[in-house]
Amino acid sequence: MKFRSIEEGVSAAQMETIRHLQMQDQEFWYCFDKHLPEAEFQKKVRDKQAYVFLKEGHPVGIFRYQLFWDEIPFGTMLMISQPFQRRGYGRRLMEYWEK
């Protein structure tokens with residue numbers, strides 16, 4: 001999902017993107033989620049149970065969830081890098097996941 005800036009003339013490189021977690025996100029992910037075992041990280045990638053918020057192609061936030069009783073999704077972590085907080089990125093991640 002992509003969000004365009006309200007400014008005119010915004011290039012594609014300045015877009016905000018939410019996508020599923022990928023193996024290439026591991027270093028960024030562990031800046032926030034230091035206690036997640038590597039096997040669980042790989043499972044989140046495989047099962048698509050986590051998202052990364054990118055600003056201009058760079059990760060700035062993460063969201064992960066689990067299944068309660070193997071069927072009811074519930075969010076377990078939402079983190080946005082300090083310089084990017086209070087800009088609505090966390091809300092966008094939640095709204096994206098809830099759809």
Side-chain angles (χ1 to χ4, degrees):
M1 176 169 214
K2 296 190 183 217
F3 305 94
R4 291 196 179 274
S5 171
I6 57 173
E7 299 174 37
E8 302 255 342
V10 173
S11 71
Q14 294 173 314
M15 295 184 79
E16 299 162 353
T17 306
I18 297 173
R19 63 162 169 73
H20 284 106
L21 180 66
Q22 299 173 1
M23 288 303 294
Q24 68 195 34
D25 301 315
Q26 189 168 9
E27 183 178 347
F28 177 74
W29 188 273
Y30 280 104
C31 290
F32 294 115
D33 199 358
K34 296 174 176 46
H35 303 291
L36 187 71
E38 188 170 343
E40 188 66 22
F41 176 86
Q42 293 171 0
K43 183 178 181 221
K44 294 290 181 200
V45 171
R46 184 192 70 218
D47 296 345
K48 298 184 185 228
Q49 289 186 339
Y51 297 96
V52 176
F53 189 100
L54 298 122
K55 172 81 172 159
E56 297 180 14
H58 300 285
V60 299
I62 63 172
F63 176 80
R64 72 173 162 101
Y65 69 95
Q66 294 179 300
L67 297 176
F68 187 64
W69 292 332
D70 295 327
E71 66 179 75
I72 301 168
F74 67 98
T76 56
M77 179 171 281
L78 171 63
M79 299 291 292
I80 304 295
S81 295
Q82 182 68 36
F84 298 95
Q85 292 179 4
R86 309 215 37 92
R87 298 182 187 188
Y89 299 156
R91 180 175 43 250
R92 290 184 194 160
L93 273 167
M94 286 298 297
E95 289 171 352
Y96 183 84
W97 175 62
E98 289 174 340
K99 290 182 182 183

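Residues: numbered from 1 along the sequence shown. Just so you know, these numbers come straight off a predicted model, no measurement behind them. Atoms considered below: every heavy atom in the structure, side chains included; atoms not considered: hydrogens, waters and symmetry mates.
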Mind checking the [atom1]-[atom2] spacing from [X] to [Y]? Nearest 0.5 Å is all I need.
X: L36; Y: Q42; atom1: CG; atom2: CD; value: 10.0 Å
X: F63; Y: H20; atom1: CZ; atom2: NE2; value: 11.0 Å
X: E40; Y: D47; atom1: CD; atom2: CG; value: 8.5 Å
X: R92; Y: F53; atom1: CZ; atom2: CZ; value: 5.0 Å
X: E98; Y: M94; atom1: CD; atom2: CE; value: 4.5 Å
X: I80; Y: Y89; atom1: CD1; atom2: OH; value: 9.0 Å

_I need the minimum non-hydrogen distance between K34 and C31, along with the two atoms involved._
NZ-O, 2.7 Å
_Parallel, tilted or perpendicular: rings of F74 and F68 (30°, 60°)_ = perpendicular
*Assess whether side chain to side chain donor-acceptor pair (under 3.5 Å) is satisfied between W29 and D33, documenting all intermediate values.*
CA-CA 6 Å; W29 188 273; D33 199 358; 2.9 Å; yes
Among the clusters formed by ILVMFWY side chains lying less than 4.5 Å apart, do [X] and [Y] turn up in the same one?
X: V52; Y: M77; result: yes
X: V45; Y: L54; result: yes
X: F84; Y: F32; result: no
X: M79; Y: L21; result: yes
X: I72; Y: L78; result: no

*Can you check ring-ring contact (aromatic ring centres under 6.0 Å, His included) on Y30 and F41, steps first, answer last?*
CA-CA 9 Å; Y30 280 104; F41 176 86; 5.7 Å; yes
*asked:* Looking only at the aromatic ring of each residue, does the gap between the centers of W97 and Y65 stay below 6.0 angstrom?
replied: yes
*Just do the side chain to side chain contact (heavy atoms under 4.5 Å, CB included) check on V60 and E16 with the steps written out, would you?*
CA-CA 10 Å; V60 299; E16 299 162 353; over 6 Å; no
*Heavy atoms from other residues, nucleotides or ligands near CZ of R87 exceed 12 (cutoff 6.0 Å)*: yes
*asked:* Would you say CZ of R86 has more than 12 non-hydrogen atoms from neighbouring residues, nucleotides or ligands within 6.0 angstrom?
replied: no
*Under the criterion salt bridge (Lys or Arg N to Asp or Glu O under 4.0 Å), which of R64, K44, R19 is the partner of D25?*
R19
